[in-house]
Amino acid sequence: MLMAIIYSLMAAVAAMLGAVLVLRFHEKAKKHSFLIINFSAGVMLTIAFVHLIPESMDTNSAASLYVLAGFLIMFFLQFVVLFHPCHNDDCHTHTKIGIAAASGLSFHSLIDGLIIAAGFAAGEGLGILTTLAVLLHRFPDGIMISGILLHSGASKKKIVYFSLLVSLLTPVGTILGIFLFNNISPKVLGALLAAAAGSFIFIAASDLIPETHKCKTRFAPLMIFAGAALMLAAQHLVHTH
């Protein structure tokens, strides 16, 4: 329980660091953020396919359906609830960015906390890996959230308050998940892990990888492979020891 809360707080700090980085070094952060975004995509895809999906299939025969459900739920949240991070220069023209963005991003952060709790319910190793995936995409999330709000004309004070609220909902979700998953059955846990995998795949494919096509250097896409290689190396070390 304590480990899960500590790691969820780290994810919250990562999101705040992304937001603060944009406010402090807006131009430089925008110029180099594609590196961490692409690296995060490789990490998230590898954890989803190599760790979460196999783990979920061991305890739930319908795991593939829950992977699809997790993917579609994230699609609904981002494109129907309208909090999908906008990557265009004219984001501020989106008239629904205010309340919709606040509601959607807050709910997304809460889901991240639940995912961390589900990972630790399956085991400390999987919990740490799941948190790493959440942590790495929370950092670019913080960057994108601040960027959207800056372009929409929000003051720096409001951006800090909003970013803090969204960030803290991750540990809130973890604490909530700890009580919900206290006596959870292996089948239900498998379903949750599969849904988490689907959400990771969606975030990587929809939010992170598209940024690769906007990079002026061909070095950026290699960061996806670097992220995947790091996770595969970590898995090899775990199995070796």
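These numbers come from a predicted model, not from an experiment.
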Report task. Group every Ile, Leu, Val, Met, Phe, Trp and Tyr by side-chain heavy-atom contacts under 4.5 Å, then state whether V20 and V166 land in the same group. Result -> no
**Report entry** Path from L168 to V13 over hydrophobic side-chain contacts below 4.5 Å
**Finding:** no
Report task. Give the C-alpha distance, both sets of side-chain angles, the deciding distance and a yes or no for side-chain contact (heavy atoms from CB on, under 4.5 Å) between I5 and I178. Result -> CA-CA 9 Å; I5 294 174; I178 288 172; 3.8 Å; yes
**Report entry** S61 (side chain) donor-acceptor with M57 (main chain) under 3.5 angstrom
**Finding:** no
Requested in this report: Drop me the distance from L45's CG to F200's CZ, to the nearest 0.5 angstrom.
Outcome: 10.5 Å
**Report entry** Sidechain-backbone polar pair: D112 side chain, T170 backbone, donor-acceptor under 3.5 Å
**Finding:** no
Query raised in the report: So, does T131 use its side chain to make a donor-acceptor pair with the main chain of Y7 at under 3.5 Å?
Result: no
Requested in this report: Would you kindly confirm whether L65 and F76 end up in one hydrophobic cluster when ILVMFWY residues are joined by side chain heavy atoms under 4.5 Å apart?
Outcome: no
Query raised in the report: Which distance, rounded to the nearest 0.5 Å, do you find between the CD1 of I201 and the CE of M44?
Result: 9.5 Å
Query raised in the report: Hey, does E55 have a side-chain heavy atom less than 4.5 Å from the side chain of L193?
Result: yes
Query raised in the report: Minimum heavy-atom separation for A4 to I116, with atom names?
Result: O-CG2, 3.9 Å
Report task. Please name the pair of heavy atoms, one in S163 and one in A19, separated by the smallest distance, quoted to 0.1 Å. Result -> OG-CB, 3.5 Å
Query - L192 side chain reached by Y66 side chain, heavy atoms, under 4.5 Å - result: no
Query raised in the report: What about M16 and M10, same hydrophobic cluster or not, with Ile/Leu/Val/Met/Phe/Trp/Tyr joined at side-chain heavy-atom distances under 4.5 Å?
Result: no
Query raised in the report: Got a second to check how far L164's CG is from L169's CG, nearest 0.5 Å?
Result: 9.5 Å
Report summary line: OG (S8) and CE (M3) are apart, to the nearest 0.5 Å, by 11.5 Å
Query raised in the report: Just how far is it from atom CD1 of I224 to atom CD1 of I209, taken to the nearest 0.5 Å?
Result: 4.5 Å
Requested in this report: Quick one: closest heavy-atom pair of P186 and T59, and the distance?
Outcome: O-OG1, 3.2 Å
Requested in this report: Mark yes or no for whether S56, through its side chain, and I53, through its backbone, hold a donor-acceptor pair below 3.5 Å.
Outcome: yes
Requested in this report: Just jot down the ring-ring contact (aromatic ring centres under 6.0 Å, His included) partners of F71, sequence neighbours excluded, or say none.
Outcome: F202
Query raised in the report: Do F120 and T174 pass the side-chain contact (heavy atoms from CB on, under 4.5 Å) test, and can you show the C-alpha distance, the side-chain angles, and the key distance before you say yes or no?
Result: CA-CA 10 Å; F120 274 97; T174 298; over 6 Å; no
Query raised in the report: Which pair of non-hydrogen atoms, one from A15 and one from S167, has the smallest distance, and what is that distance?
Result: CB-OG, 3.4 Å
Requested in this report: Side-chain contact test, heavy atoms from C-beta onward, threshold under 4.5 Å: evaluate it for L176 versus V172 and give yes or no.
Outcome: no
Report summary line: In this structure, CG of L114 is separated from OG of S199 (nearest 0.5 Å) by 11.0 Å
